[in-house]
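Take a look at the structure below.
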Protein chains: 2
Amino acid sequence: MDTPLELLQQRLDYRFRDPALLQRALTHRSFGSGHNERLEFLGDAVLNLTVSHLLFERFGESAEGDLTRVRAHLVREDSLHRAALQLGLPQVLRLSEGEARGGGAQRPSILADAAEAVIGAVYLDGGFDAARALVAALFGELILGTSVDAWRKDAKTELQEWLQARRHPVPEYHITATRGQAHAQIFEVECRVPALGRHAVGEGRSRRAAEQEAARQMLELLLAQG
Amino acid sequence: MDTPLELLQQRLDYRFRDPALLQRALTHRSFGSGHNERLEFLGDAVLNLTVSHLLFERFGESAEGDLTRVRAHLVREDSLHRAALQLGLPQVLRLSEGEARGGGAQRPSILADAAEAVIGAVYLDGGFDAARALVAALFGELILGTSVDAWRKDAKTELQEWLQARRHPVPEYHITATRGQAHAQIFEVECRVPALGRHAVGEGRSRRAAEQEAARQMLELLLAQG
């Protein structure tokens, strides 16, 4: 008879030399010591590199900024949550009784963290290539289905990535004014990058739209200065 | 006679199968096409994983939050800049004439990026283990010399890492008041985490000190709520 951990290893297409590592990857902090947070730390970095490499290969001509943006969109809680469901992690998670009663085994953040921890455990147990194969199996389809252009329009993300690539702090957004009646309000938002002494202003029919416009203006400023 | 690229490969303790990859890693965007930005994207992720693994091994008992914080302090422009100098990258960088005349080959950000690109090139050419060996050689001493406690007091960093680990946006800081005469001013700073609907206030004799205090208050708020 297949135990739950046997089944999971079949789904992972990987057999652990040290099954205790897999057990640890499935143990939430609430369960007690021997939990998965350190494995999650490692798994997050493994995932980041393997997805980066897959994107590097898939988008052979794309600029670094585009790759960074697509990666940020792929390596997120919702895709990790989906991977966790695909692996059947809710059935094998170890949680405290209280956390389990509260529906913890279905919580996207707990499942996403456990998925990262499992990736970290495979990396420790079987090395980088084993972990890379697992990530390719879990994320390959998502990567094949994505396009660089799909993410090109989000100016706030683009600005943040641009600043991070240059090791600057993130920008700040503030509403500086609103005009018009309640049903036709115009928002004015200022985007500031204090570290560079720059600010730009955008307007829009929502706070969100005004922020995007302010970010777009800021990007133009920064790109123009070279 | 040893060419500059020969010498660099000796310093890297790695010989490229495809020397064009190394050449590309040393080519700044200003030089034209075939520049190093995509390799830098990959190298950044390689560095992140290899340093994470080295820290995971070195600090066998430390919590994930401590590892994340130490990693953020190690993988920064100044340590990459130092690595670039150690490898002699200023002598082999390829820049536009204008950029070279402006001292580009000495600019920390350009050198740090090139160091990441070289790590990415070794990864592509020789695989993960070759890149891991290089990072261990470049950063091993730094990692051995560091301690988890050394970084424990920076509340702003701790708060940011805590939020990022839970996939929340970074906090915002604003001066809300200043009191006292110029030589003995007290700053009051508010720290806001809009996504969680929380704010906290700190005071201090400098903006920086007030921000740290506000971050500390916010951390206590968030940790208390579990």
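In the text below, chain A, chain B and the rest are named by the order of the sequence lines, each starting its count at 1.
Contact detail for B:Asn48 and A:Ala45: the closest heavy-atom pair is ND2-CB, 3.7 Å. Of all the heavy atoms in A:Glu172 and B:Tyr173, the pair that sits closest is OE2-O, 4.4 Å.
Salt bridge annotation for A:Arg166-B:Asp113: absent, with no cationic side-chain nitrogen under 4.0 angstrom from a carboxylate oxygen.
Neither the backbone nor the side chain of B:Asp129 comes within less than 4.5 Å of any heavy atom in chain A. Residue contact with chain A, scored on non-hydrogen atoms closer than 4.5 Å, involves the backbone of B:Glu61 exclusively. The parts of B:Arg38 that come within reach of chain A are both its backbone and its side chain, each placing non-hydrogen atoms under 4.5 angstrom from that chain. B:Val170 touches chain A through its side chain: at least one heavy atom from C-beta onward sits under 4.5 Å away, while N, CA, C and O do not. Of the two parts of B:His35, neither the backbone nor the side chain holds a non-hydrogen atom closer than 4.5 Å to a non-hydrogen atom of chain A. Interface remark: B:Thr68 contributes backbone and side-chain atoms alike to the contact with chain A (heavy atom separation under 4.5 Å). With a 4.5 angstrom heavy-atom cutoff, B:Ile110 does not touch chain A via any of its atoms. Contact annotation for B:Leu47: neither backbone nor side-chain heavy atoms come within less than 4.5 Å of a heavy atom of chain A.
More than 12 heavy atoms of other residues, nucleotides or ligands sit less than 6.0 Å from atom CD of B:Glu57. Remark: A:Arg94 CZ is packed, more than 12 non-hydrogen atoms of other residues, nucleotides or ligands lying under 6.0 Å away. With a 6.0 Å radius and a threshold of 12 heavy atoms from other residues, nucleotides or ligands, B:His199 has its NE2 atom at or below the threshold. By the 6.0 Å contact criterion, CG on B:Asp13 is open, its count of non-hydrogen atoms from other residues, nucleotides or ligands being 12 or less. Other residues, nucleotides and ligands contribute over 12 non-hydrogen atoms within 6.0 Å of the CG atom of A:Asp78.
The aromatic rings of A:Phe128 and B:Phe128 lie parallel to each other, with less than 30° between the two planes, well short of the 60° mark.
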Self-check item: Stepwise side-chain contact (heavy atoms from CB on, under 4.5 Å) test for A:Glu64 and B:Asp44
Solution: CA-CA 11 Å; A:Glu64 171 256 335; B:Asp44 177 79; over 6 Å; no

Quiz item: Between B:Arg71 and A:Phe41, does a side-chain contact (heavy atoms from CB on, under 4.5 Å) hold up when you go through it step by step?
Solution: CA-CA 11 Å; B:Arg71 184 181 61 194; A:Phe41 166 79; 3.3 Å; yes

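For the set B:Leu67, B:Val46, B:Leu55, the entry with the most heavy-atom pairs within less than 4.5 Å of chain A is B:Leu67. Ranked by non-hydrogen atom pairs under 4.5 Å with chain B, the options A:Glu37, A:His53, A:His174 are led by A:His53.
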